[in-house]
Amino acid sequence: MRDAGLSDLLLEWYDREARVMPWRVSPKARRAGILPDPYRIWLSEVMLQQTTVAAVKDYYRRFTARWPGVADLAAARDADVMAEWAGLGYYARARNLLKAARAVVADHGGVFPGTRDGLLRLPGIGPYTASAVAAIAYDEPATVVDGNVERVMARLFAVQTPMPLAKPDLTALAASLTPDQRPGDYAQAVMDLGATICTPRNPACGICPVVQACVARRQGIQAELPRKVPKPEKPVRRGTLWLATQGDRVLLQRRPDKGLLGGMLGFPGDGWDGAGGAAPVEADWQEIGEIRHTFTHFHLFLTLHAAELPIGSVVTRGQFVSGNEFSAEDLPTVMRKAYSALRDNVTR
DNA sequence: GATCCGTGGGG
DNA sequence: TCCCCAAGGAT
């Protein structure tokens, strides 16, 4: 079942109002037959997972400047990719990005799988990203369902079921609207609509191209949809970070690939689980302050301990890295905070 | 299905 | 200050 009218209205709106983005081919160029490089669409889509466009832009530019094609990325060092991703969050994305790039080179001759089903088999590519790449880079009529699409569908059809229970219904509704003509532009149109007009709070119904079809608007409940089950409160965790220096060198430790901040560089800690844990080296540790940081599912309070170690000290974990061999920018945000506190303490 | 996994901006 | 949330995926 298909409602041609609705998708046509969205495409006409998109032709006029499409946002300009570094990875996007304009609707005008696309209608002339130009499609974007799947590598770049894939890269942008992975970066955009649960992440705002504003936060992604600079990262996207740096990645594409340094690794212009999938073969370049596949040949990169793990540490370089993780350092370039530092600060963007959800670091499993970066690890899977590298795995996928290497799989494309090793198993697909350096060419991205040409269908949604093929894309789905690559690490880090799920239902959303597979559809997005297939629709945007190949113009395959795949249905894209992200948070924007869910919100737009919930409002257009006044779906009262709370998320995530409503997901299957919203997916079916989105599929019923997906056109065979210009599915790539259509996918981007719905997401642009959700990001700029059909926003979570205070939707701009006055300038919405499909307002006359919106059931929620007719009922005056558009701002209440989609409904969601209340989220549980975030627990508080406490822990310790050890900041060891030796001249201009600091003790850093690569975190294990799985779990929180997996694969990233950081300062040795005690596990932050209340169980306690030994310092990486015996020293005259001094408490220099506390930092707090909030992750997706918990608040963290970290006590910072610093020590200047004599030459020849034997450390049980991590290794000393010179200040000119790494940058604070290579660290995840919580570790940047700790590093910053250390610099402030040393400078004084 | 439920959990885990970051970060920064907006209201 | 605090909560919400953003072009989700893996386990």
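In what follows, chains are A, B, ... by sequence order, proteins preceding strands, each numbered from 1. Note that the structure is predicted; figures quoted are calculated from it, not measured.
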Inset, instruction - Tell whether A/Thr296 reaches the base of B/dG6 with its side chain through a donor-acceptor pair below 3.5 angstrom. - result: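 Between B/dG6 and A/Thr296, which were checked side chain against base, a qualifying N/O pair under 3.5 Å is present.
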Inset, instruction - Supply the members, apart from A/Leu309, of the Ile/Leu/Val/Met/Phe/Trp/Tyr cluster built from side-chain contacts under 4.5 Å; use none for a lone residue. - result: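 A/Leu309 shares its hydrophobic cluster with A/Trp242, A/Leu251, A/Val281, A/Trp285, A/Val315, A/Phe320.
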Check the distance between [N]'s [atom2] and [X]'s [atom1] and give it to me in whole angstrom.
X	N	atom1	atom2	value
A/Asp58	B/dT7	CG	C1'	15 Å
A/Trp85	B/dT7	CH2	P	13 Å
A/Asn202	C/dC4	CG	C1'	13 Å
A/His299	B/dT7	NE2	P	15 Å
A/His293	B/dC5	NE2	P	12 Å
A/Glu233	C/dC4	CD	C1'	15 Å
A/Arg336	B/dT7	CZ	P	8 Å
A/Leu300	B/dG6	CG	P	12 Å

Legend entry - C1'-based separation of C/dC4 from B/dG6 [nearest Å]: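 The answer is 15 Å between these two C1' atoms.
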Legend entry - P spacing across the pair C/dA7 / B/dT3, given as an integer number of angstrom: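 Comparing P positions in C/dA7 and B/dT3 gives a spacing of 24 Å.
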Inset, instruction - Pick base, sugar-phosphate or nothing for A/Leu261, based on heavy-atom distances below 4.0 Å to the nucleic acid. - result: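 Contact class for A/Leu261: sugar-phosphate only.
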Inset, instruction - Select base, sugar-phosphate, or nothing to describe what A/Gly262 touches, counting heavy atoms under 4.0 Å on all strands. - result: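 No contact.
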Legend entry - Under-4.0 Å salt bridge between A/Asp273 and A/Arg238: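 Answer for the salt bridge query: no.
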Legend entry - OP1 or OP2 of B/dC4 under 4.0 Å from side-chain N/O of A/His297: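 The answer is no; no side-chain N or O of A/His297 sits under 4.0 Å from OP1 or OP2.
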Will you find, in the side chains of [X] and [Y], an N or O donor that is under 3.5 Å from an N or O acceptor?
X	Y	value
A/Gln49	A/Arg93	no
A/Ser131	A/Arg116	yes
A/His293	A/Lys337	yes
A/Tyr128	A/Glu45	yes

Legend entry - Set of residues satisfying side-chain hydrogen bond (donor to acceptor under 3.5 Å, both in side chains) with respect to A/His305, sequence neighbours excluded: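 With sequence neighbours excluded, A/His305 shows a side-chain hydrogen bond (donor to acceptor under 3.5 Å, both in side chains) to no residue whatsoever.
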Inset, instruction - Starting at the 5' end of nucleotides 5-11 of chain C, put B wherever the base has a protein heavy atom under 4.0 Å, S where only the sugar-phosphate does, and a dash everywhere else. - result: -BBBSS-
